[in-house]
Structure formats: structure tokens, C-alpha cells
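Counting starts at 1 for both ligands and their atoms, in listed order.
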Amino acid sequence: MKDYLIKAMTNDGLIRAYAASSTNLVEEARSRQDTWATASAALGRTLTITSMMGAMHKGEAEVTVKVEGGGPLGAIIADANTEGHVRGYVKNPHVDFDLNSKGKLDVSRAVGTTGNLQVIKDLGLRDLFTGEVPIVSGEISEDFTYYYATSEQVPSAVGAGVLVNPDHSILAAGGFIVQVMPGADDTTVDRLEEQLKFFPAISTLIQEGKTPEEILYRLFGESEISIHEKLPVEFRCKCSKERIGNAITGLGNEEIQAMISEDKGAEATCHFCNEVYRFSEEELEELKS
Ligand code: ZN
């Protein structure tokens with residue numbers, strides 16, 4: 001099944017919902033960065049949520065997310081545009097712990113619980129929108145739920161899950177974001193909370209072959225919600241040799257000359273996709289300003 005996300009609204013107009021299948025996206029990130037199981041789960045949850053956050057906007061907008069919980073993973077960075085292109089990395093990919101007391105990957109231990117979650121939105125306006133909240137659980141989904149409630153004042157439920165095979169490849173990944181619209185009363189919120197309380201883990205539903213549509217139908221009832229957009233989701237980096245070259249130019253001629261005479265060339269690796277770019281002495285010469 002190809003990864004995609006859907007955008008939906010309940011027929012009473014009181015709740016908007018997003019759901020995504022992201023197994024291939026998370027597998028691509030894992031294989032590029034060689035993340036170990038717990039790190040894959042933390043990065044995969046973040047990538048899945050970020051893909052939906054990007055898709056909430058239109059045009060050239062971009063959403064960047066930084067999860068820094070003070071744990072052994074270090075920072076998780078992800079960004080997404082409005083077209084379902086998402087990329088991200090974790091500072092220390094080689095983090096893996098025993099399963100937690102619930103038999104799940106111990107994401108909270110890997111992420112940590114002492115730092116912040118930051119969301120930066122570039123909506124093409126003069127100023128960037130930045131929101132920051134403390135990490136509440138390090139489980140990622142709860143941290144984004146808290147972010148929406150506190151920083152954006154939108155009561156929301158965010159869920160994301162990743163299942164990892166014994167060989168560390170990704171078995172299943174997916175997520176949802178459900179948001180209560182202005183004008184909804186307490187009954188709507190209470191009912192949603194009740195529905196979510198007994199809702200199965202999203203990664204299990206994806207593993208069972210459920211589509212994003214089926215997941216939202218199961219949550220709201222098929223006759224209660226309308227899907228109004230479907231968008232492919234994929235890991236896609238925006239790095240290029242030209243962009244890295246511009247960054248090298250920015251280092252200044254003296255630095256570039258040192259690369260030429262001391263290193264006989266330069267090599268740069270993109271954090272997001274691990275692509276390696278090599279520059280010969282001649283190419284470096286051309287990058288001087
Ligand atoms: Zn890249």
C-alpha cells in the first residue's frame with residue numbers, strides 16, 4: 001500500500017480530521033539513517049505527524065518541528081510542505097531500549113521528558129509563526145496534543161505509531177490528528193474523548209491493512225464523516241549539490257582555500273537524507289566569491 005494522508009470533516013462541521021499511512025516513509029527514513037528500533041519509532045511518529053501538519057496549509061507553506069526532550073536521542077528535526085513531502089532526522093540514530101512495561105517501544109525514554117517541542121511555520125508571510133511547549137511525556141503524540149491545546153488553543157487528539165520488525169525494518173506506521181472546531185460544545189469534546197479511549201493503536205490498525213479512510217470511519221462512523229482530500233505522502237529531501245555549494249560559498253574564500261590546499265576537496269553530508277556530496281578542487285575554486 002502506498003503511503004497517503006486524507007483530510008476529512010465530520011458532517012456536523014464540528015471536527016476536522018487527518019489520518020495517514022506512513023510505513024514506507026518511515027522505512028525510507030530508517031534505511032537512510034540506520035535508526036535502531038526505539039529511534040525509528042520516535043522519528044517515525046514525528047515524521048508522520050509533521051506530514052499531516054504540513055498538509056493543513058496551502059501553497060508554499062512549510063512546517064518545521066523540533067523535538068528536544070533531553071534524552072539519549074538528542075533532537076529530532078522534521079519538516080514538511082503542503083504536498084506530502086516530509087523529511088527528518090534524529091541526532092543519535094543508534095538508540096534502542098527494551099520494551100516498556102506496556103510491551104511497547106520505549107520512545108519516552110529515548111526522547112526524554114525535560115525539554116521542549118518547537119513548531120515553526122513558514123506560511124509565506126513576513127514573520128514566521130513559532131510555538132513552543134514543554135515536553136509532557138516524550139511519547140511524541142501526547143506532546144503534540146499538548147502543543148495544539150496550549151500553543152494553538154485548538155483542542156486536539158494526536159496519535160501516531162510505528163511497529164518495527166525483528167530485523168529493524170518498519171512493519172507498520174501511521175497517525176491521525178483530530179481537531180475540534182470553534183463552536184463545538186463540551187458534548188462534542190466528551191464524545192470524542194470517549195471514542196478515543198477505546199480506540200486501538202493506530203500502528204496495529206495499519207498493520208492489519210486498514211486504510212486511513214477506514215481508520216476515520218471506525219472512529220466517527222462512516223455516515224458521520226466526509227473525506228475531502230487524499231494526498232500521497234513520501235520522504236523527500238530538498239537538498240542538492242547547488243544548495244550545499246551555496247553553503248560552502250558562505251564559509252568564505254579563506255575557508256574554501258583551506259579545503260583545497262589541505263583536504264584536496266570537500267565532502268558534505270545532508271543531515272536529513274544522508275546523501276553525500278563531493279566537491280573536487282576545481283569545483284571548490286568555482287565556489288569562491
Ligand atoms: Zn538531503
Side-chain angles (χ1 to χ4, degrees), residues 2-5 20-37 39-55 57 59-68 73-95 110-111 117-124 128 130 140 160 162 164 168-170 173 175 231-252 255-256 259 263 265-280 283-284 286-287:
K2 278 203 144 198
D3 292 341
Y4 65 92
L5 64 82
S21 57
S22 56
T23 309
N24 302 306
L25 154 68
V26 178
E27 171 58 21
E28 171 106 23
R30 182 207 65 84
S31 66
R32 282 182 176 274
Q33 288 153 27
D34 189 32
T35 47
W36 292 359
S40 299
L43 176 59
R45 289 180 191 179
T46 307
L47 286 169
T48 304
I49 294 166
T50 306
S51 73
M52 291 182 280
M53 294 175 80
H57 300 284
E60 304 289 303
E62 277 190 351
V63 174
T64 303
V65 158
K66 290 183 193 172
V67 180
E68 242 178 328
L73 277 185
I76 308 169
I77 317 278
D79 65 39
N81 65 12
T82 60
E83 291 165 39
H85 302 156
V86 56
R87 60 178 191 164
Y89 67 96
V90 53
K91 184 95 190 307
N92 303 312
H94 292 172
V95 174
V111 170
L117 162 62
Q118 193 183 40
V119 175
I120 302 156
K121 294 185 189 177
D122 181 352
L123 304 177
L128 297 176
T130 308
I140 308 290
V162 175
V164 179
H168 278 193
S169 63
I170 304 303
L231 188 69
V233 173
E234 62 175 319
F235 188 100
R236 195 187 288 192
C237 195
K238 50 193 174 193
C239 67
S240 64
K241 189 155 185 180
E242 194 188 345
R243 286 190 121 159
I244 305 266
N246 288 340
I248 292 176
T249 300
L251 296 174
E255 191 76 20
I256 298 175
M259 292 175 183
D263 306 325
E267 203 177 273
T269 306
C270 172
H271 284 306
F272 284 94
C273 66
N274 252 350
E275 200 71 41
V276 179
Y277 293 95
R278 291 188 179 82
F279 292 86
S280 66
E283 286 173 319
L284 286 173
E286 280 173 25
L287 290 176

Original post:
So do N24 and E234 actually touch side chain to side chain, heavy atoms under 4.5 Å?
Top reply: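 No, too far: nothing below the 4.5 Å cut-off.
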Original post:
Are V119 and V65 side-chain neighbours, meaning at least one heavy-atom pair lies under 4.5 Å?
Top reply: yes
Original post:
Once the angle between the rings of F272 and Y89 is folded into 0 to 90°, is it parallel (under 30°), tilted (30 to 60°) or perpendicular (over 60°)?
Top reply: perpendicular
Subject >> In the protein, N/O/S atoms that are found under 2.8 Å from the Zn ion (ligand 1), waters not counted >> reply: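 You should have found C237 SG, C239 SG, C270 SG, C273 SG.
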Subject >> Which residues share a side-chain hydrogen bond (donor to acceptor under 3.5 Å, both in side chains) with Q33, sequence neighbours left out >> reply: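 Partners of Q33 by the side-chain hydrogen bond (donor to acceptor under 3.5 Å, both in side chains) criterion come out as none, since no residue qualifies.
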Subject >> Set of residues satisfying salt bridge (Lys or Arg N to Asp or Glu O under 4.0 Å) with respect to E267, sequence neighbours excluded >> reply: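 E267 satisfies salt bridge (Lys or Arg N to Asp or Glu O under 4.0 Å) with R278 once adjacent residues are dropped.
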**OP:** Just jot down the salt bridge (Lys or Arg N to Asp or Glu O under 4.0 Å) partners of K121, sequence neighbours excluded, or say none.
**Re:**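 For K121 the salt bridge (Lys or Arg N to Asp or Glu O under 4.0 Å) partners, ignoring immediate neighbours, are E152.
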